[in-house]
Participant: 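The structure under discussion is supplied below as structure tokens; questions concerning it will follow.
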Amino acid sequence: MSDAFHTPTSVDPRLLEVLVCPVTRGRLAYDRERQELVSKGAKLAYPIRDGVPIMLPEEARTLD
């Protein structure tokens with residue numbers, strides 16, 4: 001755990017196995033350093049906040 005509020009430092013691997021991109025329905029790659037789930041097909045990176053993936057396209061960062 002990373003702090004007094006017990007915020008997880010990573011995402012549960014079992015959760016990563018079942019999550020898909022809401023735009024393409026494709027697989028996601030976990031970027032531990034940036035705390036994002038990356039969809040290469042949609043060219044979007046979904047943020048992970050307090051250990052919870054935010055799977056909303058409007059919250060995602062566009063990849064170059």
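Residue numbers run from 1 in the order of the sequence given. Only a predicted model underlies this, so the values are computations on that prediction, with no experimental measurement involved.
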Participant: Could you name each residue pair satisfying salt bridge (charged side-chain N to carboxylate O under 4.0 Å, His left out) that touches residues 10-25, not counting sequence neighbours?
Facilitator: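 As it turns out, the salt bridge (charged side-chain N to carboxylate O under 4.0 Å, His left out) pairs with a partner in residues 10-25, which skip direct neighbours, are D12-R14.
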Participant: Return yes when atom CD of E58 has more than 12 non-hydrogen atoms of other residues, nucleotides or ligands closer than 6.0 Å, and no otherwise.
Facilitator: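 Enclosed.
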Participant: Using only heavy-atom distances, determine whether the side chains of Q35 and Y30 contain a donor-acceptor pair under 3.5 Å.
Facilitator: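 Their side chains do contain a donor-acceptor pair, which is all the 3.5 Å distance test asks for.
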Participant: Let me confirm one number: the CG-CG distance from L63 to D31, rounded to the nearest 0.5 Å.
Facilitator: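 Interatomic distance, L63 CG to D31 CG, rounded to 0.5 Å: 9.5 Å.
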Participant: Mind checking the SG-CE spacing from C21 to M55? Nearest 0.5 Å is all I need.
Facilitator: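 With rounding to 0.5 Å, SG (C21) is 6.5 Å from CE (M55).
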Participant: Only pairs under 3.5 Å count here: list side-chain donor-acceptor contacts from residues 37-45, not counting sequence neighbours, and write none if there are none.
Facilitator:
unit_1, atom_1, unit_2, atom_2, d
S39, OG, A42, N, 3.2

Participant: Name all residues meeting the side-chain hydrogen bond (donor to acceptor under 3.5 Å, both in side chains) criterion together with R34; count only those two or more places apart in sequence or in a different chain, and write none if there are none.
Facilitator: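 R34 satisfies side-chain hydrogen bond (donor to acceptor under 3.5 Å, both in side chains) with no other residue.
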Participant: With clusters defined by side-chain heavy atoms of hydrophobic residues (ILVMFWY) lying less than 4.5 Å apart, directly or transitively, does V23 cluster with V20?
Facilitator: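 Looking at the clustering, V23 is in a separate group from V20.
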